[in-house]
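Working notes for the structure below.
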Number of protein chains: 2
Amino acid sequence: MSDGDAATAFAPGHVTGFFSVERTETPERTGSRGAGITLSAGVTTRVEPSDETRVRLNGREVAVESVTRVLDALDATAAVSAETELPLGAGFGVSGAMALGTALAANSAFDAGLSVNDLVSVAHAAEVEAGTGLGDVVAQARGGVPIRVKPGAPAHGRLDGVPDAGRVEYVSFGGLSTSDVIGGDTATLSAAGEDALAALREHPTLPRFMALSREFSREAGLLDGDVEAAVEAVTDAGGEAAMAMLGETVFALGTGLSDAGYDPEVCRVHPAGATLDP
Amino acid sequence: MSDGDAATAFAPGHVTGFFSVERTETPERTGSRGAGITLSAGVTTRVEPSDETRVRLNGREVAVESVTRVLDALDATAAVSAETELPLGAGFGVSGAMALGTALAANSAFDAGLSVNDLVSVAHAAEVEAGTGLGDVVAQARGGVPIRVKPGAPAHGRLDGVPDAGRVEYVSFGGLSTSDVIGGDTATLSAAGEDALAALREHPTLPRFMALSREFSREAGLLDGDVEAAVEAVTDAGGEAAMAMLGETVFALGTGLSDAGYDPEVCRVHPAGATLDP
């Protein structure tokens with residue numbers, strides 16, 4: 001709902017454990033298959049009609065192509081201000097959350113009259129075209145522990161979920177460029193992602209998701225350094241940890257990272273998809 | 001997750017504003033199209049493996065066919081106990097919420113290894129076969145303000161949503177038998193439901209949903225007595241109210257019923273679908 005003309009929306013963070021890439025001619029049909037966890041830590045985005053489009057993140061002016069593409073699609077000129085406690089460029093889907101939050105809030109602020117699926121489609125296409133994500137938006141629109149069975153926007157894609165919930169911990173050691181990884185050769189990575197997806201769908205539980213994610217990051221050649229050390233430390237302590245795709249981030253179930261001696265951020269599986277603030 | 005062997009799940013209540021009926025040979029493809037609101041008031045269902053299946057609702061032993069059908073489908077013998085503040089048989093989808101909550105909790109308690117879509121499908125089919133509901137389960141699995149675009153379980157149906165949130169009030173004056181209404185001739189009702197759905201999809205907002213729901217209940221010949229009086233009183237006071245399908249229940253946005261002098265129960269649009277308690 002709008003507060004005067006302004007409106008605010010929340011989108012959960014999203015860590016992907018494994019994925020495969022599917023590129024097509026159209027952004028709505030392009031995306032990734034795979035699975036991840038949406039997080040109660042997320043992004044709150046406020047949209048206010050304005051003479052000039054400006055985008056702020058945690059108080060600083062930023063250029064976020066997915067956000068400006070969403071505004072263009074809704075024919076909206078607005079001041080967008082987003083706040084998040086999540087680290088940037090570390091695999092939490094912050095650009096996807098901003099794009100989706102902007103879509104929901106702008107729809108309300110400008111009374112654009114689109115449905116939830118329409119808005120998810122606009123945000124998904126904006127992320128794909130900006131090259132900043134392939135699967136975060138549809139996952140963040142669903143909430144929970146999304147399984148991306150078929151890639152793409154709601155009219156084309158298909159989601160399922162792991163029926164589980166609980167505490168999640170994470171630590172970040174830095175960033176990886178999403179566009180460097182998903183822009184390059186993804187054949188090996190996609191083959192590993194397809195195997196993991198099939199195995200998860202046979203028995204969709206959180207511990208199995210974590211084990212398959214660890215295996216994926218090894219097979220994709222992405223697990224090394226601080227991230228590998230943390231994943232191993234959690235495993236040695238009897239916990240479940242994995243690497244977030246794509247960032248120098250480790251996430252764990254329950255108290256996995258704490259038990260291994262780390263000082264993690266703590267959140268939970270987010271039960272809901274992105275929502276407009278009433 | 002399980003507490004010992006027991007597990008607990010929450011499913012939101014759901015009031016339908018308008019609908020059309022689609023019957024096919026298979027329960028998974030049978031269902032209703034239409035739209036409604038999921039409510040933060042809902043049903044909490046606990047499932048514990050047991051030598052004998054027993055179902056309790058608010059402490060009393062009850063026979064709920066949709067619940068026993070779900071347990072049969074999961075090959076589970078269990079003590080099910082559900083608690084709710086919602087009135088029974090008054091259009092809040094309590095049987096659907098119990099079926100869905102039982103599916104989620106039993107999957108966890110018995111480590112059945114089904115996905116969210118599998119569990120929604122089991123609960124939806126159980127409701128259809130029991131004759132107690134056609135669209136509540138898929139709506140309660142989604143949360144928010146679900147639009148049921150195509151009927152049926154996840155593999156066949158399709159959902160969208162109205163991107164809005166906020167306070168909801170309700171009063172109940174008694175019950176209507178769902179099976180009496182949806183078991184009889186539904187041609188007139190379905191034609192009115194299809195018109196309302198098309199009109200909502202053109203501009204999916206909450207106020208429009210309420211207006212279309214009022215119109216539907218009139219066209220379907222279901223609006224009379226206390227319910228009609230309450231809907232009119234809210235409208236006269238400048239608010240938005242409609243009748244819940246199928247029950248002697250009026251729901252309103254914001255403070256609609258309070259403003260009209262009623263003493264309603266208060267809840268909110270529930271942002272999430274049914275979830276397992278961690």
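Just so it is clear: chains get the letters A, B, ... in the order the sequence lines come, proteins before strands, and each one is counted from 1.
If you take CG on A:Asp164 and OG1 on B:Thr275, they are separated by 11.0 Å, rounding to the nearest 0.5 Å.
For A:Arg29, the CZ atom is loosely surrounded, since the number of other residues' heavy atoms within 6.0 Å does not exceed 12.
The part of B:Arg142 that comes within reach of chain A is its side chain, from C-beta onward, which places non-hydrogen atoms under 4.5 angstrom from that chain. Interface residue B:Ser115: backbone and side-chain heavy atoms are both found under 4.5 Å from chain A. Interface remark: B:Arg158 contributes side-chain atoms only to the contact with chain A (heavy atom separation under 4.5 Å). For B:Asp160, the parts sitting under 4.5 Å from any heavy atom of chain A are the backbone and the side chain alike. The part of B:Leu114 that comes within reach of chain A is its backbone (N, CA, C, O), which places non-hydrogen atoms under 4.5 angstrom from that chain.
Closest approach of A:Gly113 to B:Pro204, counting heavy atoms only: O-CD, 3.0 Å. Across all their heavy atoms, A:Pro278 and B:Arg268 have their closest contact at CG-NH2, 3.0 Å.
A distance-only check finds no donor-acceptor pair linking the side chain of A:Asn117 to the backbone of B:Gly161 [under 3.5 Å].
Within the 4.5 Å cutoff, the side chain of B:Pro163 has heavy atoms near those of the A:Leu119 side chain.
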